[in-house]
Every structure is written in C-alpha cells, then in structure tokens.
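In what follows, a structure is listed as structure tokens, so that the remarks can point back to it.
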Amino acid sequence: MSSDFEAYELDFGTITAEVTNKIGRIPKLSGEEKTQLVLNVDKQLEEVRELLEQMDLEAREIPIQSRAMYNSRLKSYKQEIEKLEKDFKRSRIAYSDEVRNELLGDEASSSENQRAHLLDNTEKLERSSRRLEAGYQIAVETEQVGQEILGNLHSDREKIQRARERLRETDANLGKSSRILTGMLRR
C-alpha cells in the first residue's frame, strides 16, 4: 500500500514541477499561447488534486504505526498545492494587470490591490468552508459513534437486569430448598 502512496508521490512531484515551470511562464505570454498554457495548468492542477485524493485514500489504509508519517507528508503536499493555486491565480492576473496599467495608468494599481485583496479573501473563505465541512463531518461521525455506544449501553443494561432477576430467583429457590432441608432434618 505504501508503494502506491510513493508512486503517487512521484507523480505529484513531477506534475507540480511542471506546473511551477508553466506558472512562471504565464505572465510572459499573451494571446492564444497564454490561454492554452492557462488551460493546461488548470488541467494539471486538477490532476494533482486527484492525486492528493488518491494519496489520502492510501494513507487511510496504511497500518496505524506508520500512518502519522504519511499523513504529515500528505498535509505538506496539500499546503504545496494551495501555494501553487495561489501562484497560478496571481500569474493569470499579472498579465491582464500589465495591460490594464498601460491603458489606464495609475488608476489600475488601486484596482490591482483591490483584486489581490478580493482573491485573498476568497481563498480565506474557501479554506474556512473546507474547515467547516471537515468539522461537520467529524460531528456526524461522533454522533454515529455516540449512538452506537448508547445502543451498547442499553443492551448491557438489559443483560444486567436479567442477570439480577435470575439471581433473585436463585436466591428465593435456595431459601425454599434450605427450609425444605431443615424440615426434612427435623423429621
């Protein structure tokens, strides 16, 4: 299983290196060539996200003793993809901002700042949404575990009550037996 994880890691490293190279080239291009490169990078980023999902699935199947190591590596890969996505967004707007600055002059710089601020806020909102979703998922799983525990406790309570009732019956029967034996001894 860890060999699958490591194969995904190799693919991840190769694709992210290509993406990093292409992201650096985007601001220097224009027209159709830039559009094609942006589409290509977008497609590769989607592939990287799918690889991360596969790695996450593989990490869940790894024995608990070494799972923590794989989870920490997976976490760093997720941070790396977030950084790549942020760089990709910035590189896409860099060219359009250059053209806008040429056309509008200084007014475009405040627009650029607003746009960068808006992108940052959007990314924060997306991260918060993902955290909320993860928290909700944990709450649902916790609720399910709690329901199972309550069911087990209820079952155990019934067993204890039945055992207590049997003990009372046995005690009553022993008392009867004792009285009968005492009566037999007197005769």
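Position 1 is the first residue of the sequence; numbering continues from there. Scope of the values below: all heavy atoms of this structure, side chains included, with no hydrogens, waters or symmetry mates.
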Check whether any side-chain heavy atom of Arg127 sits under 4.5 Å from a side-chain heavy atom of Lys124, and report yes or no. yes
Minimum-distance pair of heavy atoms, taken over all atoms of Asn71 and Ala59: OD1-CB, 3.6 Å
Would you mind reporting whether Arg73 and Glu6 have side-chain heavy atoms less than 4.5 Å apart? yes
How long is the gap from OG1 on Thr142 to CD on Gln137, to the nearest 0.5 Å? 10.0 Å
Say you draw a straight line from CG of Asn173 to CD of Glu169; how long is it, rounded to the nearest 0.5 Å? 7.5 Å
Distance (rounded to the nearest 0.5 Å) between Leu45 CG and Ile81 CD1: 5.0 Å
Salt bridge or not for Lys75 and Glu80, using N-O below 4.0 Å? no
Hey, is Arg115 close enough to Asp120 for a salt bridge, meaning N to O under 4.0 Å? no
Is there a side-chain contact between Glu123 and Glu85 (heavy atoms, below 4.5 Å)? no
Any donor-acceptor pair under 3.5 Å from Ser155 side chain to Gly151 backbone: no
Please determine if Glu165 and Arg168 form a salt bridge, counting it only when a charged side-chain N lies under 4.0 Å from a carboxylate O. yes
Under 6.0 Å from the CD atom of Glu82, do we count more than 12 heavy atoms belonging to anything else shown? yes
Using a cut-off of 6.0 Å, state whether more than 12 heavy atoms not belonging to Arg164 lie near its atom CZ. no
So, the side chain of Ser178 versus the backbone of Leu174: is there a donor-acceptor pair under 3.5 Å, distance only? no
Strictly below 4.0 Å, N to O, side chains only: are Glu46 and Arg49 in salt-bridge contact? yes
Go through the side-chain N and O atoms of His117 and Asn121 and say whether any donor and acceptor fall under 3.5 Å apart. yes
Is the count of non-hydrogen atoms from other residues, nucleotides or ligands lying under 6.0 Å from Arg157 atom CZ greater than 12? no
Output the distance between atom CG (Asn40) and atom CD (Glu18), rounded to the nearest 0.5 Å. 8.5 Å
For Gln44 and Ile15, work out which heavy atoms get closest and say how close. O-CG2, 3.8 Å
Ring pair (Phe, Tyr, Trp, His ring centres under 6.0 Å) partners for Phe12, two or more places apart: Tyr77
Hey, are Glu148 and Gln144 close enough side-chain-wise for a donor-acceptor pair under 3.5 Å? no
Can you check side chain to side chain contact (heavy atoms under 4.5 Å, CB included) on Val145 and Ile149, steps first, answer last? CA-CA 6 Å; Val145 169; Ile149 290 171; 3.9 Å; yes
List the residues meeting ring pair (Phe, Tyr, Trp, His ring centres under 6.0 Å) with Phe88, not counting sequence neighbours, and say none if there are none. none
Taking atom CG of Leu57 and atom CD1 of Ile62, what is their separation to the nearest 0.5 Å? 11.0 Å
Measure the spacing between CD of Glu9 and CG of Asp4 and express it to the nearest 0.5 Å. 11.5 Å
Would you name the heavy atoms of Arg60 and Arg67 that are closest together and state the gap between them? O-NH2, 3.3 Å
Can you see which heavy atom on Asp87 is nearest to which on Ile23, and at what distance? O-CG2, 3.8 Å
Can you list the steps and then say if Arg131 with Glu126 is a side chain to side chain contact (heavy atoms under 4.5 Å, CB included)? CA-CA 9 Å; Arg131 284 190 200 125; Glu126 288 172 357; over 6 Å; no
